[in-house]
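See structure below.
Residues take their numbers from the sequence shown, with the count starting at 1. Reckoned from all heavy atoms, side chains included, excluding hydrogens, waters and symmetry mates.
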Amino acid sequence: MSKINNDIYIYPTDTVWGIGCSIYSRSGYEKIADIKKSEKNKPLSIMFGSIDDVVKYFQLPEGMTSVWMKNFFKLETTLGLPLKFAKIPIPEWVSGGSDFISLRCLETEAVKFIYHELHAPFFSTSLNITGDAPITELSAALNFQKKYAPGTHLVNSSLTTELSGSSSTIVFFKKKLEFEIIREGKRIIEVKEQLKKLSGR
């Protein structure tokens, strides 16, 4: 592997502003925990910039096609897969000791830019002090960066999509055609319909 990029990025997701760094940067992971004032063993989601990259890094359950995933990730979702499905070694601090790993995929301008800069998938967690409300406005993200995270990179997007401000729906794959909804987000009804398409029910 080439030299690890330890840079930290602040960026808009589809729900709230996020903060992240390469999954291979332990120092970046610990710095983000310090910024957010959160526990250092807390597992975070991994962000991808394209479905092709998800397929590259993980063995996917039967029937989970690229088309299905593209539609699923458009619904403000996080997908939990067994850690054993990873095609590459995953650093232990990424999973936080869990047997599952959480994935997000946003094919947006900002996410693709960060992915290109880091040359790796990156952590994705909300931009806020743990326990505070999530940030949905650019001005608030800039203020947070100035106050708590100087030295990080803020990536704005020219996209005009308004952030929903809600938490993503978290769905964990358990076994063949069986899923567990860990957290319901704003678009839960659409998510359930998408899961039905995969299970055939």
Side-chain angles (χ1 to χ4, degrees), residues 1 4-6 8-9 11 13-16 18-33 36 38-66 68-108 111-112 114-116 118-127 130 134 167-185 188 191 194-195 198-199:
M1 183 187 297
I4 295 171
N5 187 331
N6 294 307
I8 295 174
Y9 288 84
Y11 51 93
T13 70
D14 51 349
T15 53
V16 299
I19 184 170
C21 65
S22 167
I23 65 170
Y24 301 113
S25 174
R26 180 153 197 166
S27 65
Y29 169 80
E30 292 178 348
K31 177 65 174 176
I32 290 172
K36 288 176 59 71
S38 60
E39 298 177 2
K40 286 190 169 66
N41 62 345
K42 180 182 178 182
L44 304 178
S45 298
I46 300 177
M47 181 69 78
F48 290 88
S50 75
I51 297 299
D52 289 343
D53 289 324
V54 177
V55 174
K56 178 181 177 182
Y57 280 88
F58 286 86
Q59 179 68 44
L60 299 172
E62 182 180 353
M64 194 176 284
T65 65
S66 295
W68 184 89
M69 283 193 296
K70 188 178 288 285
N71 291 326
F72 176 80
F73 283 120
K74 287 179 179 178
L75 301 175
E76 301 180 3
T77 50
T78 298
L79 176 65
L81 291 177
L83 187 58
K84 64 183 180 181
F85 281 19
K87 295 180 181 179
I88 57 169
I90 300 293
E92 54 87 14
W93 61 85
V94 176
S95 63
S98 172
D99 292 330
F100 284 81
I101 198 77
S102 297
L103 313 178
R104 298 206 73 203
C105 182
L106 293 179
E107 295 181 321
T108 64
V111 170
K112 286 180 179 295
I114 298 170
Y115 199 94
H116 174 77
L118 294 175
H119 301 288
F122 58 94
F123 290 114
S124 182
T125 185
S126 58
L127 180 70
T130 301
S167 299
S168 65
T169 296
I170 301 176
V171 178
F172 272 30
F173 172 81
K174 292 298 185 179
K175 56 184 179 180
K176 187 175 182 179
L177 302 182
E178 289 190 17
F179 296 86
E180 180 181 356
I181 296 175
I182 306 298
R183 182 178 71 195
E184 295 189 2
I188 182 61
V191 172
Q194 190 65 18
L195 292 175
L198 190 62
S199 66

Rounded distance [0.5 Å steps], [atom1] in [X] versus [atom2] in [Y]:
| X | Y | atom1 | atom2 | result |
| --- | --- | --- | --- | --- |
| C21 | I114 | SG | CD1 | 11.0 Å |
| L79 | S102 | CG | OG | 8.0 Å |
| I32 | Y9 | CD1 | OH | 12.0 Å |
| T65 | L198 | OG1 | CG | 8.0 Å |
| R104 | L106 | CZ | CG | 5.0 Å |
| D14 | S168 | CG | OG | 7.5 Å |

Partner set under side-chain hydrogen bond (donor to acceptor under 3.5 Å, both in side chains) for [X], not counting sequence neighbours:
| X | result |
| --- | --- |
| E39 | none |
| S124 | Y11 |
| E62 | none |
| K70 | E107 |

The test is side-chain contact (heavy atoms from CB on, under 4.5 Å); show your working for L103 and T78 and say whether it passes. CA-CA 6 Å; L103 313 178; T78 298; over 6 Å; no
Ring pair (Phe, Tyr, Trp, His ring centres under 6.0 Å) assessment of Y29 paired with F123: CA-CA 8 Å; Y29 169 80; F123 290 114; 5.3 Å; yes
Worked verdict on K174 versus E180 for salt bridge (Lys or Arg N to Asp or Glu O under 4.0 Å): CA-CA 7 Å; K174 292 298 185 179; E180 180 181 356; 3.3 Å; yes
Any side-chain heavy atom of F58 within less than 4.5 Å of one from I88?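 Side chain of F58 against side chain of I88, heavy atoms only: no contact under 4.5 Å found.
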What I'd like to find out is whether the side chain of I90 reaches to under 4.5 Å of the side chain of L83, using heavy atoms alone.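 The answer is yes, as the side chains (C-beta and beyond) meet within the 4.5 Å cut-off.
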Does the side chain of S27 come under 3.5 Å of the side chain of N6 through a donor N or O and an acceptor N or O?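 Short answer, yes.
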If only atom types and distance count, is the side chain of T130 paired as donor or acceptor with the main-chain N or O of K36 below 3.5 Å?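 Present.
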Hey, mind stepping through T125 and I19 against side-chain contact (heavy atoms from CB on, under 4.5 Å) and telling me if it holds? CA-CA 6 Å; T125 185; I19 184 170; 3.7 Å; yes
Listed once per pair and sorted, the salt bridge (charged side-chain N to carboxylate O under 4.0 Å, His left out) pairs that draw on residues 76-87, sequence neighbours left out: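 Salt bridge (charged side-chain N to carboxylate O under 4.0 Å, His left out) check on residues 76-87 returns no pairs.
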Between T169 and I182, does the side-chain contact (heavy atoms from CB on, under 4.5 Å) criterion hold? Intermediate values first, please. CA-CA 8 Å; T169 296; I182 306 298; over 6 Å; no
Closest heavy-atom pair and its distance - F85, P61: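 Reported closest heavy-atom pair: CE2-CG, 3.9 Å.
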Relative to the ring of F173, is the ring of F179 parallel (under 30°), tilted (30 to 60°) or perpendicular (over 60°)?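 Perpendicular: the ring planes of F179 and F173 meet at over 60°.
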Partners of F72 by ring-ring contact (aromatic ring centres under 6.0 Å, His included), sequence neighbours excluded?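 Counting only residues at least two positions away or on another chain, F72 forms a ring-ring contact (aromatic ring centres under 6.0 Å, His included) with W68.
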Could you tell me which residues satisfy ring-ring contact (aromatic ring centres under 6.0 Å, His included) with F73, sequence neighbours excluded, listed by chain and number?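 Counting only residues at least two positions away or on another chain, F73 forms no ring-ring contact (aromatic ring centres under 6.0 Å, His included).
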Scan for side chain to side chain donor-acceptor pair (under 3.5 Å) pairs involving residues 89-100, sequence neighbours excluded, and state none if there are none.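 For residues 89-100, and leaving out neighbouring residues, the side chain to side chain donor-acceptor pair (under 3.5 Å) pairs sorted by first residue read R26-E92.
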Sequence neighbours excluded, which residues qualify as side-chain contact (heavy atoms from CB on, under 4.5 Å) partners of P134?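 Listed in chain order: V16.
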Results of side-chain contact (heavy atoms from CB on, under 4.5 Å) for K31 - residues two or more places apart only: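 Scan of K31 (side-chain contact (heavy atoms from CB on, under 4.5 Å), adjacent residues dropped) gives I8, I35.
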Taking the six-membered ring for Trp and the full ring for Phe, Tyr or His, determine whether the centres of F172 and F100 are under 6.0 Å apart.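 Yes, close enough.
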Check: residues 42-56 side-chain donor-acceptor pairs under 3.5 Å, at least two apart:
unit_1: S50; atom_1: OG; unit_2: D53; atom_2: N; d: 3.3
unit_1: S50; atom_1: OG; unit_2: D53; atom_2: OD2; d: 3.0

